[in-house]
Amino acid sequence: MHLRLVFLCLLCLSISARAAGQRPNIIFIFSDDHAYQAVSAYGGKLKLNETPNIDRIAHEGMLFRQCYVNNSICGPMRAVIQTGKYSHKNGFLRNGNKFNGHQQTFPKLLKAAGYETAVVGKWHLGEHMPPQGYSYSEVLVGQGPYYNPPMLLDENGDGTRKRVKHIGYTTDIISKLTLNWLKNTRDKSKPFMLMTQHKAPHRNWQPGPKYLTKWDGVDLPEPPTLFEDYSKRLSPARTQEMQIDRDLTRYDLKLDPPRGLTKEQLATWNAAYGPKNRAFEEAKLTGKELVRWKYQRYIKDYLRSIQSVDDAVGELLAYLDESGLAKNTIIIYCSDQGFYLGEHGWFDKRWIYEESLRTPFMVRWPGVVKAGSQNHDIVSPLDFAETFCEVAGIDVPSDMQGRSLVAVLKGKTPKDWRKSFYYHYYEYPGWHLVRRHYGVADGRYKLVRFYEKDVDAWELIDLKADPLEQKNFYGQKKYAQVQKRLHAELKRLRTQYDVPDSDPAQSFEVGDTPARYQQRKNK
Ligand code: CA
């Protein structure tokens, strides 16, 4: 007994010694639906925008080119990050599910190990319980609006919440609250882990007052597949509802102004959009010209929303510099998934195809990560919880399903690092009508199965032969060997991750039913 006490005291001493200086702080900057095509550090053929502040993290750290998401949609990816587990293990398979906050999450582990933990901004794992494992939380309600957001504040992390109404542009407000926590609220004797999570650039892409007219009078480049006809694809590519030509509403296109603005905000808005909208109404566009106009309106509002996120990143980096915190703080920029910027004629996400599978991810860690380095390993938000545990000196729990990225960040990727990746999307029926599918991706090939009874079929993608993913090579003689290998790999991964044979989403059906979806559509 006596010896155990001595041991415990020594353990406490060692944790508090580490807490005093060595253990790094972690700042996790997260945005919602930010496509890598809209981060200038990723380059790319279509140079759409400049994000100098986000790029700075990559220039002073590591840029990941193959960060794959497990289930390309908002709530589920947040649950993956909290738990380090696939959706079928953490129980949050689709938006509308309720996150079970009583389960093991990395913020709880860090808090117990002496970290000060905070989340500010978009939470999106439900309001049925406050975020668990945080010393402080101030989060949007649901998706949250772009202007004047009500937020739920839990100042001491004790589960007592109050509703606070803010007036202003949500991205700017999240930036201000983040800096306020860093400067004034946190316990400065502890290392900290801060998640600052933006609503932008989620649909319906409402820019802040500063950027309402940016790119007016300029035509941004179109993706080569804007007018794709899906003739060489399986039926799910045709039956989705995320087409720029057909599925954007007047509200998306800003032909109707946003709701919930103050009188002054609405006047500023109308001064910017009124003349543009009048010119559009007078032009009476049809056919391809109308689609092109819709694309321009969509892409500009999307990118305008991102400019404010980039500003917020700039303010945060400036504060880290001036406070001296930069030196011992790991800073991460990431989005919950990718997004379609007109590729295949689409907006939104959900598919295993490149633009929604890959998410932007970069890490600055002074003294550890080589500045300006680029990484091509297959990494995933599934690995974040494990990484944060290792950084904090916590043994990674054996039931987490990813792998710590610390060695990868040091430029020493282990030889047995994953060479292929399991993906699974569950939300059908639901928004945008993307059919349920799972698959394996190895950086060049993808083997995909749409497995619902009425559409059950396989797809084989070869990114080298068909980089825009417009063809299905499944069943072609030339691909017989590749196909066989990928089938085996898919089976191996489903066993490794303990994926149930029957779709677990069936028992979690709390979102749309076909009848409810139809009702909403008919409104
Ligand atoms: Ca999202």
Side-chain angles (χ1 to χ4, degrees), residues 28-39 42 51 54 67-83 86-87 90 92-97 99 119-126 131 139-146 149 170-171 174 195-206 240-242 247-248 252 298-299 301-306 308-310 312-313 332-343 346-362 380-382 384 423-428 430-434 511-512:
F28 182 73
I29 312 172
F30 203 45
S31 53
D32 194 319
D33 293 356
H34 190 174
Y36 61 85
Q37 311 93 295
V39 177
Y42 279 93
T51 50
I54 295 169
C67 183
Y68 289 173
V69 300
N70 315 77
N71 180 0
S72 183
I73 186 162
C74 313
M77 281 316 297
R78 283 153 214 270
V80 167
I81 291 170
Q82 290 288 313
T83 60
Y86 269 91
S87 309
N90 66 44
F92 200 104
L93 295 134
R94 50 178 294 166
N95 283 342
N97 283 158
F99 182 64
V119 57
V120 176
K122 188 165 179 178
W123 174 244
H124 202 30
L125 288 170
V139 296
L140 297 173
V141 182
Q143 297 274 9
Y146 268 100
T170 300
T171 305
I174 291 170
M195 306 180 89
T196 173
Q197 313 202 131
H198 291 284
K199 181 224 166 56
H202 191 275
R203 192 182 187 188
N204 75 339
W205 321 292
Q206 293 169 22
Q240 44 63 37
E241 291 193 345
M242 56 169 76
D247 301 316
L248 289 167
D252 290 332
Y298 159 59
I299 192 69
D301 285 340
Y302 178 84
L303 297 175
R304 287 166 181 148
S305 307
I306 288 167
S308 294
V309 175
D310 192 64
V313 173
I332 295 158
Y333 185 83
C334 184
S335 170
D336 56 351
Q337 10 63 210
F339 213 67
Y340 291 93
L341 305 183
E343 298 89 354
W346 294 340
F347 61 94
D348 211 68
K349 57 259 183 181
R350 298 160 198 270
W351 306 94
I352 193 175
Y353 310 129
E354 288 297 279
E355 291 83 0
S356 49
L357 177 68
R358 283 166 57 192
T359 198
F361 174 46
M362 56 199 81
S380 170
L382 183 71
F384 295 174
Y423 179 86
H424 202 144
Y425 174 78
Y426 299 90
E427 193 177 306
Y428 183 89
W431 287 100
H432 303 294
L433 297 185
V434 172
D512 275 328

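Counting starts at 1 for both ligands and their atoms, following the listed order.
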*Is any NZ, NE, NH1 or NH2 atom of the basic residue among K199 and D32 found under 4.0 Å from an Asp or Glu carboxylate oxygen of the other?*
no

*Please name all residues satisfying salt bridge (charged side-chain N to carboxylate O under 4.0 Å, His left out) with D310, sequence neighbours left out, ordered by chain then number.*
none

*So, Y333 versus F30, ring centres under 6.0 angstrom or not?*
no

_Contacts of the Ca ion (ligand 1) with protein N/O/S atoms, counting only those under 3.0 Å_ = D32 OD1, D33 OD1, C74 SG, D336 OD1, D336 OD2, Q337 OE1

*Can you list the residues that meet the ring-ring contact (aromatic ring centres under 6.0 Å, His included) rule with Y425, with sequence neighbours excluded?*
H437

*asked:* Within the structure provided, determine whether P131 and V139 are in side-chain contact (heavy-atom separation under 4.5 Å).
replied: yes

*asked:* Run the salt bridge (charged side-chain N to carboxylate O under 4.0 Å, His left out) test against D336 and tell me which residues pass, sequence neighbours left out.
replied: R78

